[in-house]
2 protein chains.
Amino acid sequence: MEIQGLHGRLLADLGPAIASGEIPEGTVLRSEELEARYGVSRTVVREAVRVLEAMRLVASRRRVGTTVQPREAWDVFDPLVIRWRLAGADRAAQLSSLGGLRIAVEPVAAALAAAQASEDHCRELSALAVELTVTARSGDLQEFLRHDIAFHALVLRASGNEMFAHLADAVGAVLTGRTEHELMPHHPARYAVALHREVAEAVCAQDAAAAERAMRAIVTGALEELAPTLAEQA
Amino acid sequence: MEIQGLHGRLLADLGPAIASGEIPEGTVLRSEELEARYGVSRTVVREAVRVLEAMRLVASRRRVGTTVQPREAWDVFDPLVIRWRLAGADRAAQLSSLGGLRIAVEPVAAALAAAQASEDHCRELSALAVELTVTARSGDLQEFLRHDIAFHALVLRASGNEMFAHLADAVGAVLTGRTEHELMPHHPARYAVALHREVAEAVCAQDAAAAERAMRAIVTGALEELAPTLAEQA
DNA sequence: CACTTGAATAAGTCATACCTTTGGAGTCAT
DNA sequence: ATGACTCCAAAGGTATGACTTATTCAAGTG
């Protein structure tokens, strides 16, 4: 994703460097310097900088150069910024922010999904819950992850709110990060799997309140399990 | 904001046109054509297109051109995309999506703010509640709006979650839109003002549950008041 | 009919020249 | 010394022409 062309390469190099704090706030990047450093033309540098500017990672002014902006200015909802931060030194902060967002959004999404659930959604969700149960028991973390992501994405989509649906990628990134960085036990907690089943059942029963409760338990549990790791990195 | 330079002008013209559906999904824009239409150079066109591409509004491929992407692909959390959609034909859909997001986030933000409220936050919030009460009575909608935006932004910031804080702009845009388009009564509802006072008091008392309840009442109320207008436009 | 080949097309890249803004040095008068 | 004014140089912004590369589509070939 987003690795097309030279400007893509620049972006894939500069973005993470800035997002991780490797290039600190206030640093001034001159076009000429970037051209030389990456051996590319003005055109390429300018396009990459434009994109970074749209993300509010940098701001360019005449006679000054492109300045790395303070964290507060960054567009923290941009998918690329989220990914870059998750990959770098800011991982802890990004995970806790996303955790908070999940606590806010996912329970409401589950309630909405239950309130207007179609048979298809019910079927798919139930099937995913079964897969989660099976792969959790067998300890196949990769498959478990795949289905976990699909489960949460489906709930977000079934909410009928396009903005909720777009958070699926971010949630997926969080779940992936959790698995990749060994931040979770080798056998997913039994209670978590049970809660996923509860969500699926509540959605099928169009019981909004129950769906919301179960989902809230899932996401608060996820954040709590992460808390020690976050504290350790801070 | 974002009106600097020629590429900024292009963006300010193309962005809204796409976001409003005026330029429909699937439309192919050729660089040369855009150069001619706006009387600018390739450089400018390419930079504008790059930014639109980062927002996933368009995708450019060799030998084909830059194609307008379907709505589902758009980065609906991008501040500019939100603003453009609010200004155009998609306003109703965007308002209802944002309304849903507010219902999810703001109550949780209020609870967090209450749980870790500082004296400063309490003071500021109380002051804003007073201003809201006064300007509501006098019917000064512009001032009321200003303070309303500040109130919600402060709660989001006081939550301590950077992602919540970044939603302040979007919430501000919703509130502004509501006032500008005469979608609200000339004297803000008395119960709404009372609820804002309740939020402020709950935060000062560090009563998370009460703050969450009051805020939830505010945002659900806001969405319900909007419902008839939304239905009418759909 | 499938498969290869080739030409046309539009984006991507580079190099260069020139314009425009603006920070800051230098100057001068108070 | 302090303030205001002038002017220059630095860096981004824009325009343009030449060239590269990927990709589609169609013609040709087995």
Side-chain angles (χ1 to χ4, degrees), chain A residues 1-18 23-70 73-75 80, chain B residues 1-18 23-70 73-75 80:
Chain A
M1 174 198 189
E2 203 75 40
I3 324 168
Q4 48 175 336
L6 293 187
H7 58 273
R9 271 200 44 243
L10 250 200
L11 216 88
D13 203 67
L14 279 179
I18 295 174
I23 303 179
E25 166 186 348
T27 305
V28 176
L29 307 163
R30 277 167 305 108
S31 303
E32 199 183 349
E33 171 194 330
L34 293 176
E35 290 172 36
R37 175 131 61 98
Y38 291 92
V40 294
S41 73
R42 192 94 175 269
T43 320
V44 171
V45 170
R46 288 183 61 56
E47 286 173 23
V49 168
R50 269 292 151 300
V51 174
L52 291 174
E53 195 176 28
M55 297 171 176
R56 302 274 190 276
L57 291 186
V58 305
S60 55
R61 288 171 52 194
R62 281 182 159 157
R63 166 66 211 225
V64 175
T66 43
T67 315
V68 175
Q69 296 295 102
W74 297 356
D75 182 0
L80 286 177
Chain B
M1 172 197 191
E2 204 74 42
I3 324 168
Q4 49 175 337
L6 293 187
H7 58 271
R9 271 201 44 244
L10 249 199
L11 219 91
D13 203 67
L14 278 179
I18 295 174
I23 302 178
E25 166 187 347
T27 305
V28 176
L29 307 163
R30 277 169 305 109
S31 301
E32 199 183 349
E33 171 193 331
L34 292 176
E35 291 171 34
R37 174 133 61 98
Y38 291 92
V40 295
S41 72
R42 273 206 303 296
T43 321
V44 170
V45 170
R46 297 194 99 266
E47 287 174 22
V49 167
R50 268 289 129 3
V51 174
L52 291 174
E53 196 176 27
M55 297 170 176
R56 301 273 189 276
L57 290 188
V58 305
S60 55
R61 290 171 51 197
R62 280 182 156 154
R63 165 66 212 223
V64 173
T66 52
T67 315
V68 175
Q69 296 296 102
W74 297 355
D75 183 358
L80 285 177

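Keep in mind that this is a model prediction, so the values were computed, not measured. Because only heavy atoms are used, hydrogens play no part in the values below, and waters and symmetry mates are left out as well, while side chains stay in. Chain A is the first sequence line, chain B the second, and so forth, proteins listed ahead of strands; every chain is numbered from 1.
The backbone N or O of B:Val28 sits nowhere less than 3.5 Å from a side-chain atom of B:Thr67 that would complete a donor-acceptor pair.
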With the sugar-phosphate defined as primed atoms, P, OP1 and OP2, and the base as all remaining atoms, what B/S/- string results for nucleotides 13-25 of chain D, 5' to 3', for protein heavy atoms under 4.0 Å?
-> BBBBBB--BSBB-
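Applying the salt bridge (charged side-chain N to carboxylate O under 4.0 Å, His left out) rule to pairs touching residues 59-70 of chain B yields nothing, sequence neighbours excluded.
B:Arg46 meets the side chain to side chain donor-acceptor pair (under 3.5 Å) test with A:Glu47; sequence neighbours excluded. Remark: A:Thr43 pairs with no residue by the side chain to side chain donor-acceptor pair (under 3.5 Å) rule, at least two apart or across chains. For A:Ala59, the side-chain contact (heavy atoms from CB on, under 4.5 Å) partners at least two apart in sequence or on another chain are A:Gln69.
With no hydrogens or angles considered, a side-chain donor-acceptor pair links A:Ser60 and A:Glu53 at under 3.5 Å.
Between the CD1 atom of A:Ile23 and the CG atom of A:Leu14 there is a distance of 5.5 Å, given to the nearest 0.5 Å.
Interface limits on DNA chain C: the 5'-most and 3'-most nucleotides within less than 4.0 Å of chain A heavy atoms are C:dT13 to C:dG23.
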